[in-house]
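From a predicted model like this one, the values you see are computed outputs, not experimental measurements.
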Amino acid sequence: MLLSCRDATQKQVIPQFKEQGLSFTHLKNGYEVSNSSWIKSPENILMLHETFKKRGYDGYVISDYVWNTDRFWFLDVNKAPKYLVDSLELSFHSPEQFPKYYREFWARRTREGNHAVVYKVLREVKEIMIDGIEIQSSNEMVNDTLYQLLYYKNQHKEYLDHEANNLLEYLVEIGLHQSAY
């Protein structure tokens with residue numbers, strides 16, 4: 001006769017330490033040329049934008065830099081983010097009237113077929129970050145997994161035991177065993 005001392009109401013989680021490949025996993029290490037086609041897809045740009053809009057852009061995209069004074073962390077442009085976004089938005093309809101950087105930026109977006117989506121995102125980011133307008137996200141475009149992972153990643157606190165266990169269970173549930181470990 002075998003007896004078990006474990007609580008029968010608890011789920012038994014046996015991690016396999018196999019990391020599920022999520023469509024956006026490569027983004028955690030920043031932009032890489034090898035994954036450039038994924039991030040340039042209009043559908044993926046919109047999915048990321050809508051997810052960040054729902055979660056809130058503050059603290060996620062601009063990193064530790066101050067929106068009104070510092071440079072974007074991912075662009076080598078010596079311009080405060082609010083001026084860069086403003087100039088990119090203004091240059092969309094007539095890039096030939098703007099300096100080389102803006103002409104080339106919109107020419108690349110046109111070649112990639114995502115110029116309209118990038119313009120929409122820039123316009124909304126400007127409204128959110130500069131004008132202080134609250135724009136509702138399109139829930140059908142929000143990636144729930146990314147939304148939840150952003151929540152956990154940016155808590156900046158020490159988790160209580162039950163919170164840590166909930167996070168662990170969530171990571172195992174979505175197949176991120178190695179991350180849970």
Least distance between heavy atoms, P42 atom then G113 atom
CG-O, 3.6 Å
Determine which pairs satisfy salt bridge (charged side-chain N to carboxylate O under 4.0 Å, His left out) with at least one residue from residues 41-50, sequence neighbours left out, and list them in order.
E50-K53, E50-K120
Are any of the side-chain heavy atoms of L88 and V118 separated by less than 4.5 Å?
no
Would you say Y57 and I133 are hydrophobically clustered, going by side-chain heavy atoms of ILVMFWY under 4.5 Å?
yes
Rounded to the nearest 0.5 Å, the CD atom of E104 sits from the CZ atom of R109 at a distance of 11.0 Å
Is it true that a side-chain atom of R103 and a backbone atom of F98 form a donor plus acceptor pair closer than 3.5 Å?
yes
For E163, what residues pass the salt bridge (charged side-chain N to carboxylate O under 4.0 Å, His left out) criterion, not counting sequence neighbours?
K157
Can you check whether M47 reaches T51 side chain to side chain, under 4.5 Å on heavy atoms?
yes
Flag yes if more than 12 heavy atoms outside E96 fall under 6.0 Å of its CD atom; otherwise flag no.
yes
Going from CG on L122 to NE2 on H49, what distance comes out if it is rounded to the nearest 0.5 angstrom?
9.0 Å
Find out if a path of hydrophobic residues (ILVMFWY) with successive side-chain heavy-atom gaps under 4.5 Å connects I45 to Y147.
no
List in chain and number order the residues that pass side-chain contact (heavy atoms from CB on, under 4.5 Å) with D86, two or more places apart in sequence or in another chain; answer none if no residue qualifies.
E89, L90, K126
Under the side-chain hydrogen bond (donor to acceptor under 3.5 Å, both in side chains) test, residues paired with E140 that sit two or more places apart:
S138
Applying side-chain contact (heavy atoms from CB on, under 4.5 Å) to N139 and not counting sequence neighbours gives K54, S137, V142
Quick check: do E127 and I135 have side-chain heavy atoms less than 4.5 Å from each other?
yes
L46, L48: one ILVMFWY side-chain cluster at the under-4.5 Å cut-off?
yes
Let me confirm one number: the CD-CG distance from Q148 to D144, rounded to the nearest 0.5 Å.
8.5 Å
side-chain contact (heavy atoms from CB on, under 4.5 Å) involving F92 - partner list, sequence neighbours excluded:
W106, H115, Y119
Is there a chain of hydrophobic side chains (I, L, V, M, F, W, Y, each step under 4.5 Å between heavy atoms) that links V125 to Y101?
yes
Nearest 0.5 Å please: distance from the CE atom of M141 over to the CG atom of N44.
8.5 Å
Got F52 and V121 here, is their nearest side-chain heavy-atom distance under 4.5 Å?
no
